[in-house]
Amino acid sequence: MNLESLQPWEVLMKQIVWRQMGEIKNKKILDFGSGIGVTADYLAKYNEVIAIEPNEESVNIRWQENDYQQITGGLEILKEFEDETFDVIVCHNVLEYAKDERCSIMNEFARLLKQDGKISLVKHNRAGRVMQMVVLLNDFDN
């Protein structure tokens, strides 16, 4: 699979986020809410990646050109890892869907991230959605 098979807005978002994350090599990474594994697969080229996704359908169709560990589950899986396990934690477009578990997820991230680790959080926002409607869908009425 390649990025061209995704929607143009999704390709743009991933490329922007990946560029902002910078070059990451030889790190242990958690991709929480990995979806179909596009970012997990991208990061697995030069890193050890563990991807966690609760949606079994997404896991079944995931991208896997590079080797990474895929786990089906959610918050309960995070509790199984030891403190300071990960150099990098990725959580893209997840927290807006996990309203009741946000605090617990963030507490687990704080526990799991190494002292000098980095976290990449991305969340959909209303202003971005409005711009998408106007620019990408040519829907000025909305």
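Quantities reported herein were computed from a predicted structural model and do not represent experimental measurements.
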message: If you apply the rule side-chain contact (heavy atoms from CB on, under 4.5 Å), what do you find for Val17 with Ser120, and how did you get there?
response: CA-CA 9 Å; Val17 170; Ser120 175; 4.1 Å; yes
task: Could you walk me through whether Gln7 and Val11 pass the side-chain contact (heavy atoms from CB on, under 4.5 Å) test, one step at a time?
output: CA-CA 6 Å; Gln7 293 291 326; Val11 173; over 6 Å; no
- prompt: How far apart are the C-alpha atoms of Ile29 and Glu48, what are their side-chain angles, what is the distance that settles it, and do they pass the side-chain contact (heavy atoms from CB on, under 4.5 Å) test?
  reply: CA-CA 6 Å; Ile29 300 174; Glu48 177 187 349; over 6 Å; no
- request: Show your working on ring pair (Phe, Tyr, Trp, His ring centres under 6.0 Å) between Phe32 and Phe109 and close with a plain yes or no.
  value: CA-CA 10 Å; Phe32 185 75; Phe109 288 171; 5.7 Å; yes
query: Could you go step by step and tell me if Met106 and Leu121 meet the side-chain contact (heavy atoms from CB on, under 4.5 Å) rule?
result: CA-CA 10 Å; Met106 294 306 294; Leu121 295 173; 3.8 Å; yes
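A donor-acceptor pair under 3.5 Å is formed between the side chain of Asn55 and the backbone N or O of Glu57. Distance alone, capped at 3.5 Å, places no donor-acceptor pair between the Asp67 side chain and the Ala44 backbone. A donor-acceptor contact shorter than 3.5 Å links the side chain of Asn66 to the backbone of Asp41. A donor-acceptor pair is defined here as one N or O able to donate and one able to accept, closer than 3.5 Å; such a pair exists between the side chain of Glu53 and the backbone of Gly35. In this structure, Gln70 contributes its side chain and Ala51 its backbone to a donor-acceptor pair below 3.5 Å.
For the pair Asn60/Glu56, a side-chain contact is recorded, criterion being any heavy-atom separation below 4.5 Å from C-beta on. Put simply, the side chain of Thr72 does not reach to within 4.5 Å of the side chain of Pro54, judged on heavy atoms. Put simply, the side chain of Leu112 reaches to within 4.5 Å of the side chain of Ile89, judged on heavy atoms. Residues Leu43 and Val90 meet the side-chain proximity criterion, which asks for heavy atoms closer than 4.5 Å. You'll find the side chain of Ile50 reaches within 4.5 Å of the side chain of Phe86, heavy atoms only.
Other residues, nucleotides and ligands place more than 12 heavy atoms under 6.0 Å from the CD atom of Glu76. Residue Lys114 qualifies as enclosed at atom NZ: its count of foreign heavy atoms under 6.0 Å is above 12. Within a 6.0 Å radius of NZ in Lys45, other residues, nucleotides and ligands contribute 12 heavy atoms or fewer.
Using a 4.0 Å cut-off between charged side-chain N and carboxylate O, Lys28 and Asp87 make no salt bridge. Taking 4.0 Å as the cut-off between side-chain N and carboxylate O, Arg111 and Glu108 count as a salt-bridged pair.
The hydrophobic clustering, which links ILVMFWY residues whose side-chain heavy atoms are closer than 4.5 Å, places Val88 and Leu113 apart. Taken together through direct or relayed side-chain contacts under 4.5 Å among Ile, Leu, Val, Met, Phe, Trp and Tyr, Tyr46 and Val38 form parts of separate hydrophobic clusters. Residue Ile119 is not grouped with residue Ile24 when hydrophobic side chains (ILVMFWY) are merged at heavy-atom distances under 4.5 angstrom, including chains of intermediate members. The hydrophobic clustering, which links ILVMFWY residues whose side-chain heavy atoms are closer than 4.5 Å, places Tyr68 and Met21 together. Under a hydrophobic-cluster definition in which Ile, Leu, Val, Met, Phe, Trp and Tyr are linked whenever side-chain heavy atoms come within less than 4.5 Å, directly or via other members, Ile36 and Trp18 are assigned to the same cluster.
Nearest heavy-atom pair across Ile105 and Ala98 is CD1-CB, 3.8 Å. The minimum heavy-atom distance linking Ala40 with Asp31 is given by the pair N-OD2, 3.2 Å. Taking all atoms of both residues into account, the shortest heavy-atom contact from Thr85 to Phe81 is OG1-CB, 4.0 Å. Here the closest heavy-atom approach between residue Gly33 and residue Val94 is recorded as CA-CG2, 3.6 Å.
Among residues two or more places apart in sequence or in another chain, the salt bridge (charged side-chain N to carboxylate O under 4.0 Å, His left out) test is passed with Asp100 by none.
A cation-pi arrangement, defined by a distance under 6.0 Å to the six-membered ring centre and an angle within 45 degrees of its axis, is absent between Arg102 and Tyr97.
Taken to the nearest 0.5 Å, the CG atom of Asn93 stands 9.5 Å off from the NZ atom of Lys123.
Counting only residues at least two apart or in different chains, salt bridge (Lys or Arg N to Asp or Glu O under 4.0 Å) contacts with residues 11-23 comprise Glu10-Lys14, Glu23-Lys25.
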